[in-house]
There are 2 protein chains.
Amino acid sequence: MRVRLEDVARATGVSPKTVSRVLNEEASVKESTRQKVLAAMESMNYRPSPAARGLAGRRSFLVAMLYDNNNNPASTYLAEIQDGVLDACDANRYSMMACPLRMRGQDFIRRVDALIADHEIDGVIMTPPLTDYPPLLQRLQEQGVPYASISPLHRGRAIGVCMDEQQAAEALVNHLVELGHRRIAHIVGIANHGASRWRLAGYKDALAAAGITYDAQYVAQGEFTFGSGVMAARQLFALPQRPTAIFAANDDMAAGVMWAANELGLKVPRDLSVCGFDDTPLATQLWPPLTTVRQPSREMGKLAALQLMELLRGRGTGLLVQVPYALQLRESTAAVP
Amino acid sequence: MRVRLEDVARATGVSPKTVSRVLNEEASVKESTRQKVLAAMESMNYRPSPAARGLAGRRSFLVAMLYDNNNNPASTYLAEIQDGVLDACDANRYSMMACPLRMRGQDFIRRVDALIADHEIDGVIMTPPLTDYPPLLQRLQEQGVPYASISPLHRGRAIGVCMDEQQAAEALVNHLVELGHRRIAHIVGIANHGASRWRLAGYKDALAAAGITYDAQYVAQGEFTFGSGVMAARQLFALPQRPTAIFAANDDMAAGVMWAANELGLKVPRDLSVCGFDDTPLATQLWPPLTTVRQPSREMGKLAALQLMELLRGRGTGLLVQVPYALQLRESTAAVP
DNA sequence: GACAGAAATGATAGCGCTGTCAATTTGCGT
DNA sequence: ACGCAAATTGACAGCGCTATCATTTCTGTC
């Protein structure tokens, strides 16, 4: 049958407990013993049973990736993050479960509890907007489940990973300014997303730095979706003084802007410069390809998972690490006509 | 502390084993007893420990979703399937692990073994092209791990879910024929994908049905990527008799065709009709929106997972169920000029 | 109403590992 | 050498559930 820890112990001539210590990388094992045990494990192709480890040790080596599947069904952003999280888990002998979680509904907390209890989750990784949903955070704390956040809105005590989106947005808008644009519009994302606030703030910073007066007319509300980008753009195009450039808070909305421009016969970038944010695959599949900001989602997933595992190992208290952004200047932006 | 099976047993006045029977939906439990136990479980908020169940019962209630993350990094298609699989798992008290698996590499089999052993996987759900990778299938069979396939190439003994892609492709091309097109080109996908073969076959069927002679010149090779679509289209445009319609084997390549058309100043659909396959979000984010075929990926993931669970429960032998396609006729196709 | 056979239930012994705490060995100073 | 603290190691008892097989409680039959 299966090779058990006991078999390794017998083969090595030590007690099962010692093998267990080696397996769990505990400190007080003599180096020579460690090597012997490790060698035996390797040669016998020993694989610890997660079920047994979980039962005896009261931990599952399982982390859950929580995301809100209500707004963005099957987005690339989430898929990339998941990929990164999986990477980190793999390297640390943890497993990951993907857990879509509808935020609306009375029984939200009960579903969270069920999730944690049913799978005996060791820790949680969250994406926006869950990162800043008080009932969830509170419940996790009550249950004593450690968590790491990706791009949380409130960065105070958060652990996880973030990007300086405000500065990135500022740099992007600054690029438009350098191309000679003065009437630069912005399409904001969903209100409670940190992303929306930061990108708007960066937009304002860039205008201020360029000495352009902020004009609320040029800021339209969107919802991060293609359709909302179309609507917002139509509204901006109806303005007496049409903007010469539009910075949409994400790529999907930027694609919507390009559609709306097309409807009016406006040629991008000749008549209108457009830029987005996120650098999703869509950005390079539009015509013309979209100027945007790359957010290293995969890397962010990985880093968040690593922070969580530091927590789970009891080493340190976890950090909020910051990753760099990168402007992707493509053909959807050009000098003002 | 935690409510255990034993606690439920004591509260109900039956033996732990009986409670276990109820939990596992075994047959020989008197209905009245079952109800009593179920009520107690509910009122005590009992949650069985997966670790203990796994250890004692030698099964993990865990299924793995295997996918090749080499070709399509973080595709929407996979994300949708995963969503469907999660749905089905949830409803059946199973858990799902997402397992990206690089196909290349000598140690492929070892990695598969490790995956199964490390997580004590009960069953596997696969997506193309893993569904038809002999070393993998063989290993799974050797290990006695049941599996279900999504859109497998070889449908002989396969269990899982599929769509009649050939007929869908035929219907799509037939739509072009009805619009008056005669010089209809096709861009094929990656060779070893079933999708590529079926879609090509459907294309040929439609031509044959319309009495149009098949001309290999009008069939270009692609790789399911945007870039390969651009290349293939350029090649088709260079033909002495340019096609008036192009059917790309997926949406990404169709987007590439539209890009290439733009390069040449060809207006879609006025000068060229374009259609894709899959109905990814991209399809409605292009200008003009893409005529394509919707593949119900989410539903397919769900159905495949359900088939697998039937297998795991030992009921029946599992089926290969077929889901219907749906043509999405949009503005990228129009009557021949 | 006694009895075979089926249906329902229970007693017992683990599944493979880790926590706890006790026992042993080691290193070091004098 | 000797004593003592620190470093290692081991014995043992579960973790919460299920498999196995034994036992009890129902059925219906004549």
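Reminder, nothing fancy here: chain letters follow the sequence lines and each chain counts from 1. All values below come from the heavy atoms of this structure, side chains included, with hydrogens, waters and symmetry mates left out.
- Relative to the side chain of A:K30, the nucleotides D:dT9, C:dG16, D:dG16 differ in distance, and D:dT9 lies closest.
- Between A:D87 and A:R298 there is a salt bridge, with a side-chain nitrogen of the basic residue lying less than 4.0 Å from a carboxylate oxygen of the acidic one.
- The nucleotide whose nearest atom lies closest to any side-chain atom of A:A56 is, among D:dG10, D:dC17, D:dG14, D:dG14.
- Using a cut-off of 4.0 Å between Lys/Arg side-chain N and Asp/Glu carboxylate O, B:E120 and A:R2 are scored as salt-bridged.
- The shortest distance between the side-chain N/O atoms of B:S15 and the OP1/OP2 oxygens of C:dT9 is not below 4.0 Å.
- Contact check, B:T18 against C:dT9: no side-chain N or O comes under 4.0 Å of OP1 or OP2.
- For the pair A:K17 NZ and D:dA13 P, the interatomic distance rounds to 16 Å; values are reported in whole Å.
- Both A:R59 and A:A51 sit near DNA chain C, but only A:A51 has its closest nucleotide nearer the 5' end.
- We find that CD of A:E31 is positioned 17 Å from P of C:dT26, with the value rounded to whole Å.
- The shortest distance between the side-chain N/O atoms of A:S20 and the OP1/OP2 oxygens of C:dC17 is not below 4.0 Å.
- The distance between atom CG of B:L23 and atom C1' of D:dA19, rounded to the nearest whole Å, is 15 Å.
- Rounded to an integer number of Å, the gap from CZ of B:R34 to P of C:dA8 is 12 Å.
- For D:dA19, neither phosphate oxygen OP1 nor OP2 lies less than 4.0 angstrom from any side-chain nitrogen or oxygen of B:R58.
- With respect to B:E299 and B:K302, no salt bridge is recorded, no charged nitrogen being found less than 4.0 Å from a carboxylate O.
- The pair B:E142-B:R139 meets the salt-bridge criterion, since a charged nitrogen lies less than 4.0 angstrom from a carboxylate oxygen.
- Residue B:E6 contributes atom CD, which lies 13 Å from atom C1' of C:dA11 at whole-angstrom precision.
- Using a cutoff of 4.0 Å between basic side-chain nitrogens and carboxylate oxygens, A:D113 and A:R110 are not scored as salt-bridged.
- Judged by distance alone, the side chain of A:T18 and the main-chain N or O of A:V14 form no donor-acceptor pair under 3.5 Å.
- Whole-Å rounding puts the A:E26 CD to D:dA7 P distance at 15 Å.
- In this structure, A:N24 atom CG and C:dG19 atom P are separated by 7 Å, rounded to whole Å.
- Near DNA chain C, meaning a heavy atom under 4.0 Å away, the residues from residues 41-50 of chain A are A:Y46, A:P48, A:S49.
- Using a 4.0 Å heavy-atom distance criterion, B:R21 is classed as a base contact.
- The nucleotide whose nearest atom lies closest to any side-chain atom of B:R2 is, among C:dG19, C:dT18, D:dG16, D:dG16.
- Of the residues near DNA chain C, B:A27 and B:L55, the one whose nearest nucleotide (by heavy atom distance) lies more toward the 5' end is B:A27.
- Side chain of A:N24 to main chain of A:S20: a donor-acceptor pair is present (N/O by atom type, distance under 3.5 Å, no hydrogens or angles).
- Within the structure, a side-chain polar atom (N or O) of A:T33 is placed less than 4.0 Å from OP1 or OP2 of D:dT9.
- Look at B:R59 and B:D122 and you find no salt bridge, because none of the NZ, NE, NH1 or NH2 atoms lies under 4.0 Å from a carboxylate O.
- Atom NZ in B:K36 sits about 14 Å away from atom P in C:dA8, given to the nearest Å.
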